[in-house]
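First comes the structure, then the notes that go with it.
All of these numbers come straight from a predicted model, not from anything done at the bench. Read the numbers this way: they start at 1 and go in the same order the structure lists the ligands and their atoms. Just so you know, residue 1 is the first one in the sequence shown, and it goes up from there.
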Amino acid sequence: MSAGGRRPIRRLEPRTIERIAAGEVVERPASVAKELVENAIDAGAQRVSVRLDGGGLERIVVEDDGEGIPPEELGLAVERHATSKLAPDGPIDAIATLGFRGEALASIASVARVRLLSRPAGEEVGHGIRIEGGEVAGRFQAPRAPGTTVEVADLFYRTPARRKFLKSPAAEQLEIVRTLARVYLARPSVALRVSTGDLELAVYPASVRLTDAAARVLGPEAARGAMALDAPVPGGRIEGCLGAPASGAATSTGLYLSVNGRAVISRSIPQAVRAAYGDSMPRARFPVGVLAFTIGRDGVDVNVHPTKREVRFARERELLDALRVRVREALIEAPAPSEAPLGRPSPAGRARMPPPPLTAARSSLVQARLDVSAGRSEPALVAAPARWELLGCVDRLYWVALRDGGLVLVDQHAASERLLFDELRRDGRLARQQLVAPIAVTLTALERATLAAESEAVAAAGFDVEGFGPEAALVRAVPSYRGVRAAAAALAGLLDELADGVSAGVGPGAAERRAATIACHAAIRAGDEIEPATMGAVLAALDAEPGRAGSCPHGRPIFLALPRARLDRWFLRSGA
Ligand code: ADP
Ligand code: MG
């Protein structure tokens, strides 16, 4: 309560109401881009182009080849609660369009400068209006092919407080690409292009088959071994494309959902899909893919709150059960992956000893680690420091070693991840290995947008990457531990996880989570064949700091130690 006491109740000024309402629709540039593209889709467009300046904060221009707006209706289009998509007394649940509340353009126009230029099929030229401060500030004519152009400039120029909550242009640009990828996967029959300056950010062609669109957005890596799904479910049908169990992601945001052509979010659907994968996918991994539901009108309630598109199904339990069954069936029918990354016996069986001499390609980090332990090394076991004796390796995953007379098993991923995490927290970046010849890798539009937004994190992981052509990047250096192996898969994995983290990159523990993500993708993986010298270096480094945590940053243990005393107890040798 203010010192002056209570103020009388007054009605808000229309302009104030406008700005409050605008906040519901327009949170950031990505929400503007989404509303404008959805309007183009509703207008029957077959191609939509989105051009951005400054991550959409300076300018977003959306052009379409849809049915256009008659000149006399241009002013109405930017008025609140004015829409062409609802019959005067038609039922609200009969809506087939993405919008119908008549709010988006009005909201956008109240927080930005807007130019609207449109030519319906019957007109000779385009007619346009300019809106400033929410009011029509001018009319003009310009030549244009049939269709509509909406230009939104200087977003939030009247509400600087709002601007402060926005991220960097690169991060906003990434959010736009993410959002539009969702819109495209919900309506893949409409071609969508996103560009900034003369750089193409995303080129999504009109696709008849959902699997083609999915491969376009998720990338060839995820599409390989993906399972197609097309089956009836209670109340409708489901079509989809789900990644093979080995292609899981760190979060469930790689599963794109739509209902009747509208991108939606859901908690229960990803859970049901994850449950269907069961143990075929490693724990803490989530399926990637696209699921498109076509559900009859009374079977679904798409809560059409302008920003939150949580979906609710009338027969949710039955639908989720059916979904689980369908996904399981598809998994069983899927051809076995040609190369299992796990569970494959190591051809060497045991670690080879003595190891081959260090080559120039060996990582500088490993070299440094070896230097640390060199003083304690025995000549016969070049790589292993004095306290460790390496015996072998199980399935390219668990190292078997002796230490102080006891048996120790080491998880190669967890151990190297812990080292890298600590190093990152200490030095801010990880050692890298320059490649003799750079490697070209293909990246998806999302991954390239993430590369631009997260260049620091990518560099901290040890990658040196530069853009190369519209779809590819050149990798010049990779994280030391993984070497050349890291070039394609680990880079894409890191980018995908960073893309998910952009919005969650604040709050307590955010720096640790980021470091854990980076360390995870730079670390040795299960299935990597590791030379004994490197194993020894990792073990020595773990020893170098006795206070080091015994688990990886995600909390998984590094060691299983079976000291002599425990072995004795197990074998009932009490007095030994
Ligand atoms: P809604 O989409 O909920 O109707 P909007 O504020 O987004 O509300 O748009 C208002 C109206 O402007 C739409 O109903 C439509 O008639 C017209 N409109 C907006 N964008 C376009 C477009 N790209 N092509 C044709 N008409 C459009
Ligand atoms: Mg709309």
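- Side-chain atoms of S118 and R144 include no donor-acceptor pair closer than 3.5 Å.
- In summary, the aromatic rings of F286 and Y277 are positioned with their centroids too far apart to meet the 6.0 Å limit.
- Using modelled atom types and a 3.5 Å distance limit, the side chains of E239 and T294 yield no donor-acceptor pair.
- For residues 138-184, the pairs satisfying ring-ring contact (aromatic ring centres under 6.0 Å, His included) are Y184-Y204, with sequence neighbours left out.
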Ligand 1: protein N/O within less than 3.5 Å of ligand N/O:
residue, atom, partner, partner atom, Å
ligand 1, 2 (O), N39, OD1, 2.9
ligand 1, 2 (O), K85, NZ, 2.6
ligand 1, 3 (O), F100, N, 2.9
ligand 1, 3 (O), R101, N, 2.9
ligand 1, 3 (O), G102, N, 2.8
ligand 1, 4 (O), T83, OG1, 2.6
ligand 1, 6 (O), A104, N, 3.3
ligand 1, 6 (O), L105, N, 2.9
ligand 1, 7 (O), N39, OD1, 3.0
ligand 1, 7 (O), N39, ND2, 2.8
ligand 1, 8 (O), G102, N, 3.4
ligand 1, 14 (O), T83, OG1, 3.2
ligand 1, 14 (O), S84, N, 3.0
ligand 1, 14 (O), S84, OG, 3.3
ligand 1, 16 (O), S84, OG, 2.5
ligand 1, 20 (N), N39, ND2, 3.4
ligand 1, 23 (N), D64, OD2, 2.8
ligand 1, 24 (N), T148, OG1, 3.4

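- One N or O on the side chain of R274 and one on the backbone of G278 form a donor-acceptor pair closer than 3.5 Å.
- Judged by distance alone, with hydrogens and angles left aside, the side-chain atoms of S207 form no donor-acceptor pair with the main-chain N or O of R209 at under 3.5 Å.
- The Mg ion (ligand 2) has N39 OD1 as its protein N, O or S neighbours under 2.8 Å.
- Side-chain atoms of R285 come within 3.5 Å of backbone atoms of G248 as a donor-acceptor pair (strictly under, hydrogens ignored).
- In this structure, a donor-acceptor pair under 3.5 Å is present between the side chains of N39 and K85.
- Note on residues 44-68: no pairs pass ring-ring contact (aromatic ring centres under 6.0 Å, His included), not counting sequence neighbours.
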